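Side-chain atoms are counted along with the backbone in the values below, which use heavy atoms only and exclude waters and symmetry mates. Just so it is clear: chains get the letters A, B, ... in the order the sequence lines come, proteins before strands, and each one is counted from 1. Keep in mind that this is a model prediction, so the values were computed, not measured.
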There are 2 protein chains.
Amino acid sequence: MKHLRILTYVAEVARHGAIRRAAERLNITPSALTRQIQDLEYELGTPIFERVAQGMRLNAAGELLVRHIRDQRADLERVRSQIADLSGVRRGHVALACSQAFVNHVVPDEVEAYRAQFPQVTFTVQVRDHVQAVAALAQFEADLALVLQPPPSAEMQVLFSCRQTLCALVRAGHPLARETGPVRLRDCLAHPMALPDRSLAIRHHFDEALARRGSPLGAVIESSSLEFLRNLVLREDVVSLQVPSGIPDDPRLRSRPIDARDLGPMSLILAQLRGRTLPVATAKFADRFAGSLHQRYGGAGASDT
Amino acid sequence: MKHLRILTYVAEVARHGAIRRAAERLNITPSALTRQIQDLEYELGTPIFERVAQGMRLNAAGELLVRHIRDQRADLERVRSQIADLSGVRRGHVALACSQAFVNHVVPDEVEAYRAQFPQVTFTVQVRDHVQAVAALAQFEADLALVLQPPPSAEMQVLFSCRQTLCALVRAGHPLARETGPVRLRDCLAHPMALPDRSLAIRHHFDEALARRGSPLGAVIESSSLEFLRNLVLREDVVSLQVPSGIPDDPRLRSRPIDARDLGPMSLILAQLRGRTLPVATAKFADRFAGSLHQRYGGAGASDT
DNA sequence: GCCTGTGTTGCCCGAATCGCAACGGGGCAG
DNA sequence: CTGCCCCGTTGCGATTCGGGCAACACAGGC
């Protein structure tokens, strides 16, 4: 939208903390940018940036303004979506922040299903850990977040939640794959393990159980990439960990839930920023997503407005 | 505000239901107006007005948009008012890093006095040692620093400085409390001492004097907490050290300055980061603070910009 | 028919905006 | 201390965009 050009400039300078870098991102020259900022500051009657040697730093006034800009853009997006909605063609954009565990099939399946019906709706899917996901919501970088075990935050409004039991993931030939049904933790620990690292909620959950148990940790491999761990499991007789929603439908893989006596379930949560009115397309997608998660995993949608 | 020119046009056309009348009110020609409206409709991908013989009538989409425009304008007005407020010193935030010695009454008194007049101004007070305080300034974690004996640094711009003579601190019944006026260092050393540890500037200053004198150190207690030392002095006949601004008004405590022949005064400094333009509220607070420190302890404000 | 109101379009001008190059200043390694 | 780099800023010329003027097309009332 044309009329928010200047506001976009401000937001970008605030993001990068420097006019030159922001100018590059905006495909204009620093001179044009500095002039726009100066004009705006003149209009407001007060500077909104502190000029420091390293660049531009938001002022107290600037902080207020940038928040306004974010709100204003989100609101406009909502209005545009509403307008598109009533003109028949459903258009819109959904920005989703999700944990790694869901990029395998949960999110892609849902996006595909939604786009099959409304091809005009576009998506941005950012992979973030549980902390970053909440931050993304708060900063309007994401409309929805799908995460495991999020830190309790008053800013989040839960749209759906359920429990997921951690599973041991091995390849078909692995000794643990000889049986089905729950597996005890000690049986897993008897084998070399390939674990998510501490940037992932799964690991935190696992470490807690281990700490209670007092067992030493026998991780031979750590990675921040679940996909890497999965590929490793296919190549070696190692045991990895995964939540059910992160396990692909691959005949070469076997998974068995960890016995409930050893490890409690993790929470899976779909959430938005509290108090925000989502654009129509986004709200509709969120609603369907909650429904299909319920169908897959049980659990409950939260029905407060 | 410039950036909502187009939105104002839309609102005005909606109000009057006719481009020509709206154009008259806006002091532009109908042609300019109709073009702007067309551009906007093109951007939105849908008309927002119905063209009827009598003029322009708002569409369903237009209704939504006009509501958004109204909200948008109100919100901007709110933000502008907030900004005006904080440039009027009535709002704002002050982040102060200070030494432990000042949390007893110097800083609380000043903050209370300032907030009595400007309750919208909020404060963050971090207790840091003299090295960390300077670092906090440099990293924009603090706007102001109030410290004893700061390391000389070109980054700091002194807003106020004065001298403080170290005092021996004892409880009312202590032998040293029988007299008033300056006390010699050897008389202090004759008693068991409870001293700040080396994380505090007071201790460095004291150790220097001791090294010059070649005396052995008779510290029986060391602590990084001045409050702890004070509470100890109340319970035992030990001698502690404190600067005047760190001594609470407690009838159970007595203090006597160390004789100037034994120990030079320490410097107390209020400073900001050199070259930084502080927010109005912060600058005003700093100014008052310097004034009230001057009134209490003498010394001089530095008047370079 | 005429007249008056509406929105719209072509042409032109002036101002806002932008790009380019250069300037002044602070941080930083040599 | 010096040279270098990156920062924001400024002067100037080119471009784009917003706006004014006049004319056009259409609808309704007399």
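- Look at CD1 on Ile28(A): it is 12 Å from P on dT17(C), rounded to the nearest Å.
- Using a 4.0 Å cut-off between charged nitrogen and carboxylate oxygen, Arg67(A) and Asp75(B) do not count as a salt-bridge pair.
- When each of Ile6(A) and Ala18(B) is assigned the nucleotide of DNA chain C bearing its nearest heavy atom, the one mapping closer to the 5' terminus is Ala18(B).
- For the pair Glu24(B) CD and dG5(C) P, the interatomic distance rounds to 12 Å; values are reported in whole Å.
- Within 6.0 Å of CD on Glu63(A) lie more than 12 heavy atoms contributed by other residues, nucleotides or ligands.
- Of the candidate nucleotides dG8(D), dT6(C), dG28(D), dT6(C) has the atom nearest to the side chain of Arg21(B).
- In this structure, Arg276(A) and Ala74(A) approach most closely via the heavy-atom pair NH2-CB, 3.7 Å.
- The closest side-chain heavy-atom distance from Ile28(B) to Tyr9(B) is below 4.5 Å.
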Should Ser223(A) and Ser225(A) be marked as a side-chain hydrogen bond (donor to acceptor under 3.5 Å, both in side chains) after you check the CA-CA gap, both sets of side-chain angles, and the distance that decides it? CA-CA 5 Å; Ser223(A) 171; Ser225(A) 162; 4.6 Å; no
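- Map Val52(B) and Pro30(A) each onto its nearest nucleotide of DNA chain C; the residue landing nearer the 5' end is Val52(B).
- End-to-end axis angle for the helix from dG1(C)-dC30(D) to dG30(C)-dC1(D), using five pairs per end and rounding to 10°, comes out at 20°.
- Cys162(B) is not listed as a side-chain neighbour of His294(B), based on a closest heavy-atom distance of 4.5 Å or more.
- Near DNA chain D, meaning a heavy atom under 4.0 Å from it, residues 33-44 of chain B has Arg35(B), Gln36(B) in order of number.
- In this structure, Leu26(B) places its CG atom 10 Å from P of dG19(D), rounding to the nearest Å.
- Note: Phe123(B) and Phe285(B) meet the aromatic proximity criterion, with ring centroids under 6.0 Å apart.
- One can place CZ of Arg5(B) at 12 Å from P of dC17(D), the figure rounded to the nearest angstrom.
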Between Gln139(A) and Arg15(A), does a side-chain hydrogen bond (donor to acceptor under 3.5 Å, both in side chains) hold up when you go through it step by step? CA-CA 11 Å; Gln139(A) 287 162 27; Arg15(A) 268 175 59 88; over 6 Å; no
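- For dC18(C), the OP1/OP2 oxygens have a side-chain nitrogen or oxygen of Tyr9(A) closer than 4.0 Å.
- Counting to the nearest Å, the P atom of dG7(C) and the CD atom of Glu12(B) are 14 Å from each other.
- One finds no salt bridge joining Glu12(B) and Arg5(B) here, because no Lys/Arg side-chain nitrogen approaches an Asp/Glu carboxylate oxygen to under 4.0 Å.
- Look at NZ on Lys2(B): it is 16 Å from P on dC17(D), rounded to the nearest Å.
- In this structure, CD of Glu50(A) is placed 14 Å from P of dG8(D), rounded to the nearest angstrom.
- Of all nucleotides listed (dA22(D), dT9(D), dC18(C)), dC18(C) comes nearest to the side chain of Ala32(A).
- The residue Arg20(A) sits close to a base: some heavy atom pair falls under 4.0 Å.
- Nearest nucleotide to the Ser31(A) side chain, out of dG27(C), dG7(C), dG19(C): dG19(C).
- Side-chain proximity of Thr29(B) to dC21(D), dG7(C), dG27(C): nearest is dC21(D).
- No engagement by Phe49(B) is indicated, since no non-hydrogen atom pair under 4.0 Å with the nucleic acid exists.
- Contact of the Ser99(B) side chain with the Leu146(B) side chain is not registered, since no non-hydrogen atoms from C-beta on lie closer than 4.5 Å.
- Look at NE2 on His16(A): it is 12 Å from P on dC7(D), rounded to the nearest Å.
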